[in-house]
Visitor: 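Before I ask anything, here is the structure I am working with.
In what follows, chains are A, B, ... by sequence order, proteins preceding strands, each numbered from 1. Nothing here was measured: the structure is a model prediction, and the numbers come from that model.
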There are 2 protein chains.
Amino acid sequence: MSGRAVTITEVARHAGVAVSTVSYVLSGKRAISADTRRRVLDSVRTLGYHPNAGARALASRRANVIALVLPLRVGMHVPVLMQFATSVVTAARQYDHDVLLLTADEGPDGIRRAAASALVDGLVLMDVELHDTRVPLLRDLAEPSVLIGFPADTAGLTCVDLDFARAGALCVEHLAQHGHREVALLGAPAVVYERGTGFASRTWEGFTEAAAAHGLTGVALPCEETFEQVAAAVGELLDARPGLTALVVHNEAAVNHVLGALRQHGRRVPQDIEVVAICPDDIAERSSPALTSVLIPAEEVGRQAVRLLMDKLEGRTVPEGTLLRPRLTVRDSTAASGR
Amino acid sequence: MSGRAVTITEVARHAGVAVSTVSYVLSGKRAISADTRRRVLDSVRTLGYHPNAGARALASRRANVIALVLPLRVGMHVPVLMQFATSVVTAARQYDHDVLLLTADEGPDGIRRAAASALVDGLVLMDVELHDTRVPLLRDLAEPSVLIGFPADTAGLTCVDLDFARAGALCVEHLAQHGHREVALLGAPAVVYERGTGFASRTWEGFTEAAAAHGLTGVALPCEETFEQVAAAVGELLDARPGLTALVVHNEAAVNHVLGALRQHGRRVPQDIEVVAICPDDIAERSSPALTSVLIPAEEVGRQAVRLLMDKLEGRTVPEGTLLRPRLTVRDSTAASGR
DNA sequence: CCCCATTGTCGAAGCGCTTCGACGCTCTCA
DNA sequence: TGAGAGCGTCGAAGCGCTTCGACAATGGGG
């Protein structure tokens with residue numbers, strides 16, 4: 001039971017210097033002689049001093065905390081969100097910031113409250129919709145923010161994301177190289193498209209355009225997430241398009257159901273049909289066969305988001321949009337090179 | 001762009017009262033006449049006042065923030081963690097607290113830092129191991145804490161969790177009622193047991209003891225999470241135990257692979273073999289067939305953890321261990337009533 | 001050799017809030 | 001009718017930190 005906490009005053013007394021000197025040693029905002037610095041740091045260590053966060057925030061007008069706003073909605077793949085979240089926390093710590101977790105139940109009010117009370121210095125928002133209700137709020141907030149994902153109108157905002165259009169195209173190109181002439185995209189559940197979730201639509205568009213550009217027949221379909229529905233959809237698709245030889249799956253929750261359904265319909269992967277997924281690596285590796293995939297670089301997205309936010313906090317100007325280049329990893333599900 | 005934030009002084013001036021009066025209206029810690037209260041609240045509303053969190057924390061020695069410590073380790077099922085996390089946030093908000101997210105990369109130092117700097121008033125820890133390195137730290141921290149999960153020695157701690165032993169037993173009892181004589185448990189990956197994760201072991205024990213108590217032959221096995229490994233394990237199990245007619249699966253990531261493997265081995269569920277899972281409802285419902293399951297009541301666990309923490313913050317004494325009763329939901333995978 | 005710039009340190013003034021003690025009222029009851 | 005008990009409000013003293021201006025002490029250039 002550590003009694004009352006050690007204050008900067010006690011450190012100053014112990015080191016035989018003024019309180020302000022201790023503060024300057026710790027912040028490095030003024031030159032301090034090597035000797036004094038050493039004495040102060042020794043005292044800090046022996047007393048086990050930790051600056052009081054509230055006092056620091058009050059005096060410096062900086063909380064050293066950023067908010068991570070993650071609404072949890074239907075159709076989002078949770079593990080990916082979690083990867084974003086942890087990478088945001090890790091990156092924030094590297095800038096000596098902590099992360100406050102805000103969820104959807106409070107709605108925009110929660111954001112406003114956290115910002116207005118100076119609880120946080122800035123915000124990172126995840127799972128952004130094309131027409132997100134939080135966006136107008138962000139625009140008239142004094143605190144800077146960064147969005148993971150792109151809304152329809154990015155004017156005045158800062159957004160980061162994987163270049164999903166490119167990702168969709170990349171899958172098509174890979175399949176085109178393998179000689180396929182007819183390909184299909186199994187995407188997110190219909191509700192996700194209806195809601196206007198940017199990354200789903202952009203993948204769809206990237207897929208469609210690339211298919212056209214490479215002279216392939218490409219069909220894109222939403223894809224639900226129960227085994228039954230997936231199996232039915234896959235069955236219909238195989239019946240309707242006998243020439244179909246390759247599949248792009250952009251739905252983490254359904255990807256294993258798709259493989260199960262193909263198995264059930266007697267199609268071997270990759271011999272009868274090749275499959276490319278857009279999903280985290282662990283899912284791709286854990287599937288059977290292991291899936292050629294474009295991964296969501298969650299760790300990098302989170303890191304970039306924090307970096308951009310820190311830049312804004314320092315008053316630097318940052319680009320409105322930052323798109324990360326997708327990379328495709330070839331695994332067993334498209335192992336047959338050429339056909 | 002809201003300029004500088006509104007302070008309590010401005011509210012006081014606007015309402016024509018003293019600063020302390022505004023404070024008392026807002027905290028309710030002293031009686032205030034109905035008239036004054038109304039005037040103050042009006043001013044608060046028209047000026048859009050939000051108390052400065054840092055100043056409040058400094059003066060009241062209460063940050064109104066709790067830490068949520070979630071190490072992310074191999075073998076943990078992420079969506080469940082996320083459910084815990086959101087329910088903790090929601091519950092905390094109901095007590096007017098916010099949630100600071102702490103992850104593993106800083107290790108115990110992160111916990112110590114957040115506590116010592118008065119960033120947080122208390123802690124909720126998730127994913128607790130039997131011999132968790134964070135536990136000794138918690139014992140000599142001035143700040144109260146609550147663990148989600150039980151370490152080996154709970155003395156001086158406060159722990160909440162689903163009663164996993166009971167959950168394991170419940171599955172066995174359900175299967176016993178259905179007339180099964182030989183049952184198996186497919187559990188977590190081996191590494192989880194080796195690490196000494198309490199809930200996995202306790203389910204295992206509950207399963208084993210209940211099987212013995214009901215005179216069933218019960219075998220328990222770890223279960224990896226790639227389709228290949230699961231399929232192999234299931235195959236061996238079916239070969240080794242021809243009399244096996246029921247399965248308990250306690251592994252969210254593997255549960256669909258298990259169903260896939262049974263399908264592959266020509267076993268129909270529930271006609272040839274019945275399956276009970278311990279997993280979130282959404283997974284159980286999304287499987288084919290829908291699985292009879294004992295769900296992890298993540299929402300309730302999170303809520304209880306916060307409630308206990310708030311009780312401790314108020315100085316109330318709370319029980320060392322709180323075990324939540326599991327409930328079994330019957331679905332299609334054990335629909336055949338009796339055999 | 002003197003002046004001025006630089007370096008290192010200090011003291012004090014807040015930052016915006018909570019909380020304590022004080023004080024003037026208005027009632028109540030003897 | 002006067003003492004005592006609330007009730008409602010105020011002023012002021014911090015909470016622990018950052019930061020600004022001041023000021024010795026030192027050193028370099030004219």
Visitor: Roughly how many Å is it from CZ in A/Arg38 to P in C/dG8, rounded to a whole number?
Guide: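 A/Arg38 atom CZ is separated from C/dG8 atom P by 15 Å.
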Visitor: Can B/Asp127 and B/Arg134 be counted as an ion pair, charged N to O under 4.0 angstrom?
Guide: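 Result for this pair is no, no salt bridge flagged.
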Visitor: Using a 3.5 Å distance criterion without hydrogens, assess whether the side chain of A/Thr46 forms a donor-acceptor pair with backbone atoms of A/Asp42.
Guide: yes
Visitor: Would you please confirm or rule out a distance under 4.0 Å between OP1 or OP2 of C/dT9 and any side-chain N or O of A/Ser33?
Guide: yes
Visitor: What are the residues of residues 14-22 of chain B, sorted by number, that bring a heavy atom to within less than 4.0 Å of DNA chain C?
Guide: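 The stretch gives B/Val19, B/Ser20 as the residues lying under 4.0 Å from the strand, ordered by number.
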Visitor: Could you tell me how far apart B/Glu10 (CD) and C/dG16 (C1') are, to the nearest whole angstrom?
Guide: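 Nearest whole value for this atom pair: 11 Å.
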Visitor: If the cut-off is 4.0 Å, is A/Thr36 near the phosphate of C/dT9, judged by side-chain N/O to OP1 or OP2?
Guide: yes
Visitor: C/dT18, OP1 or OP2 - any side-chain N/O from B/Lys29 closer than 4.0 Å?
Guide: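 Indeed not, no polar side-chain atom of B/Lys29 lies that close.
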Visitor: Do any N or O atoms from the side chain of A/Ser23 and from the backbone of A/Val19 form a donor-acceptor pair under 3.5 angstrom?
Guide: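 Not confirmed, A/Ser23 side chain does not pair with A/Val19 backbone.
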Visitor: Is there a donor-acceptor pair under 3.5 Å between the side chain of B/Asp121 and the backbone N or O of B/Ala63?
Guide: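 Pair found, side chain donor or acceptor close to backbone of B/Ala63.
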Visitor: Compare the minimum distances between each of D/dT18, C/dC17, C/dG16 and the side chain of A/Ile8, then state the nucleotide with the smallest one.
Guide: D/dT18
Visitor: A/Arg30 CZ to D/dC17 P: how many Å, rounded?
Guide: 18 Å
Visitor: Quickly work out the A/Ile32 CD1 to C/dT6 P distance and round it to whole Å.
Guide: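 Rounded to whole Å, this separation is 18 Å.
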Visitor: Under 4.0 Å between a side-chain N/O of B/Arg62 and OP1 or OP2 of D/dC15, yes or no?
Guide: no
Visitor: Between the base of C/dG16 and the side chain of A/Arg56, is one N or O donor paired with an acceptor at under 3.5 angstrom?
Guide: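 Answer no: no donor N or O sits under 3.5 Å from an acceptor.
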Visitor: For A/Arg37 and C/dT9, what is the distance between atoms CZ and P respectively, to the nearest whole Å?
Guide: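 Taking atom P of C/dT9 as the reference, CZ of A/Arg37 is at 10 Å.
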Visitor: Check the side chains of A/Ser33 and A/Asp35 for a donor-acceptor pair under 3.5 angstrom, ignoring hydrogens and angles.
Guide: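 Checked: A/Asp35/A/Ser33 side chains show no N/O donor-acceptor pair below 3.5 Å.
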Visitor: Distance check: side-chain N/O of B/Ser23 vs OP1/OP2 of C/dT18, anything under 4.0 Å?
Guide: yes
Visitor: Of the nucleotides D/dT19, C/dC17, C/dT19, which one has an atom closest to the side chain of B/Ala55?
Guide: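 Out of D/dT19, C/dC17, C/dT19, the nucleotide with an atom closest to B/Ala55's side chain is C/dC17.
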Visitor: Any N or O donor-acceptor pair linking the side chain of A/Arg61 to the base of D/dT18 at under 3.5 Å?
Guide: no
Visitor: Keeping the roles fixed (side chain from B/Lys312, backbone from B/Ser145), state whether a donor-acceptor pair exists under 3.5 Å.
Guide: yes
Visitor: Could you tell me how far apart B/Leu58 (CG) and D/dC15 (C1') are, to the nearest whole angstrom?
Guide: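 The answer, rounded to whole Å, is 4 Å.
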Visitor: Would A/Ser117 and B/His50 count as having a side-chain donor-acceptor pair, cut-off 3.5 Å?
Guide: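 Distance-only check fails for A/Ser117 and B/His50.
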Visitor: Map A/Pro51 and B/Asp35 onto DNA chain D by nearest heavy atom, then report which one ends up closer to the 5' terminus.
Guide: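 So the residue in question is B/Asp35.
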Visitor: Would you kindly check whether a donor in the side chain of A/Tyr24 faces an acceptor in the base of D/dC20, or vice versa, at under 3.5 angstrom?
Guide: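 Indeed there is one.
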Visitor: Just how far, in rounded Å, is C1' of C/dG16 from CG of B/Leu26?
Guide: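 Atom-to-atom, B/Leu26 to C/dG16, this comes out as 13 Å.
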Visitor: Taking 4.0 angstrom as the limit, do A/Asp98 and A/Arg93 come out as a salt bridge?
Guide: yes
